[in-house]
Novice: 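Pasting a structure here, questions to come.
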Amino acid sequence: MKKSVRKAVIAGNWKMNNTPAQTTALINEMKPLVAGADCEVVLCVPFVDIAAAVEAAKGSNIKIGAENVHFKASGAYTGEVSADMLVASGVEYVVIGHSERRQYFGETDQTVNLRSLAALNAGLKAIICVGETLEQRELGYTETLLKYQTKMALTNVTKEQLKNVIIAYEPVWAIGTGVTATADQADEGNGFVRAAIAEAYGADAAETVTVQYGGSMNAKNAEELVSKVNVDGGLIGGASLKAADFSVIVKAASEG
Ligand code: PGA
């Protein structure tokens with residue numbers, strides 16, 4: 001199976017941006033621009049914006065995601081949100097293990113795995129982030145690290161559940177820095193992720209998994225990035241906050 005049978009997924013990751021009112025306005029602006037896209041269009045928004053986002057996206061091709069999920073079903077976990085709560089709120093996707101969560105909030109490969117299992121068991125689609133730092137790249141550990149992070153994240157995930165898994169390869173040095181990986185580096189990194197999935201689940205299963213690139217993907221570089229065989233769309237931070245830029249990326253993925 002080749003790229004042509006994997007549906008590209010363009011997912012915006014708003015991070016800590018936009019109030020509910022701004023959410024409604026931005027989604028209303030985006031809707032006509034991305035209507036008819038030949039790729040999956042997702043916006044992952046802060047928890048407090050979910051209700052507004054779900055309402056604004058109703059009847060459109062935009063799916064709503066969250067930016068994190070806790071691994072327990074309920075209980076004394078102040079500040080956390082469960083997978084069932086997300087599902088009940090109309091959320092279909094969730095970002096897990098973003099490098100900012102790993103860097104600033106103590107996320108580990110183990111908690112990424114637990115969150116992924118919770119999300120998948122609840123029927124959510126999990127966008128699991130992996131990626132190397134500049135130091136790890138320079139030391140030559142990129143392949144080892146990407147394979148390790150991918151396999152750790154997928155521990156105990158069944159082959160059936162793999163259908164709801166998206167892996168986002170996001171080199172840490174490219175996130176929010178304006179420094180994008182070259183298309184070849186993105187393709188290579190995504191290839192390492194796919195190879196790890198193949199080692200764990202077999203080559204056929206690996207060919208069906210969507211592997212995104214993320215890290216300073218924008219309206220100018222998206223076309224070249226998504227043209228690569230292993231790049232099945234992107235996880236977009238900064239450029240997902242502007243309707244015009246985001247829609248250009250969606251268009252590139254629709255044609256890629
Ligand atoms: P960026 O963020 O596009 O602003 O680099 C990507 C991400 O963090 O997912």
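Computed from heavy atoms alone, side chains included, the values below leave out hydrogens, waters and symmetry copies. Along the sequence shown, residues carry numbers from 1. Counting convention: from 1, in listed order, for ligands and their atoms alike.
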Novice: Among E67, E107, E170, find the residue that satisfies the side-chain hydrogen bond (donor to acceptor under 3.5 Å, both in side chains) test when tested with H98.
Specialist: E170
Novice: Between the side chain of N221 and the main-chain N/O of N218, is any donor-acceptor distance below 3.5 Å?
Specialist: yes
Novice: Decide, yes or no, whether a salt bridge links E100 with K15 under the criterion of side-chain N to carboxylate O below 4.0 Å.
Specialist: yes
Novice: Quick test of your reading of the structure: of G238, A239, C44, G214, whose heavy atom lies closest to atom 4 (O) of ligand 1?
Specialist: G238
Novice: Is there a side chain to side chain donor-acceptor pair (under 3.5 Å) between N121 and Q161? Walk through the geometry before answering.
Specialist: CA-CA 8 Å; N121 287 335; Q161 288 176 320; 2.7 Å; yes
Novice: Tell me the protein heavy atom at minimum distance from atom 2 (O) of ligand 1, and give that distance in Å.
Specialist: K15 NZ, 3.3 Å
Novice: Got a donor-acceptor contact below 3.5 angstrom from the T177 side chain to the V179 backbone?
Specialist: yes
Novice: Kindly confirm or rule out a cation-pi arrangement of K125 over Y93, judged by NZ or CZ under 6.0 Å from the six-membered ring centre and within 45° of its axis?
Specialist: yes
Novice: I need the atoms of ligand 1 closer than 4.0 Å to a non-hydrogen atom of L235, numbered in the order shown.
Specialist: 6 (C), 9 (O)
Novice: I50, L235: one ILVMFWY side-chain cluster at the under-4.5 Å cut-off?
Specialist: no
Novice: In ligand 1, which numbered atoms sit nearer than 4.0 Å to a non-hydrogen atom of S216?
Specialist: 1 (P), 3 (O), 5 (O)
Novice: Please indicate whether any nitrogen or oxygen in G176 is less than 3.5 Å from any nitrogen or oxygen in ligand 1.
Specialist: yes
Novice: Applying the side-chain contact (heavy atoms from CB on, under 4.5 Å) test to V54, which of T23, I64, D49, V45 qualifies?
Specialist: I64
Novice: Looking only at protein heavy atoms, which one is nearest to atom 3 (O) of ligand 1, and what is the separation?
Specialist: G237 N, 2.9 Å
Novice: Which ligand 1 atoms, with their elements, are less than 4.0 angstrom from a heavy-atom of G215?
Specialist: 5 (O)
Novice: Record the part of A174 in heavy-atom contact with ligand 1 below 4.0 Å; permitted values are side chain, backbone, both and neither.
Specialist: backbone
Novice: Tell me, which protein residue and heavy-atom name are nearest atom 9 (O) of ligand 1, and how many Å apart are they?
Specialist: E170 OE2, 2.6 Å
Novice: For ligand 1, indicate whether the residue I175 contacts it via side chain, backbone, both or neither (heavy-atom separation under 4.0 Å).
Specialist: both
Novice: So, is H98 polar-close to ligand 1, with some N/O to N/O distance under 3.5 Å?
Specialist: yes
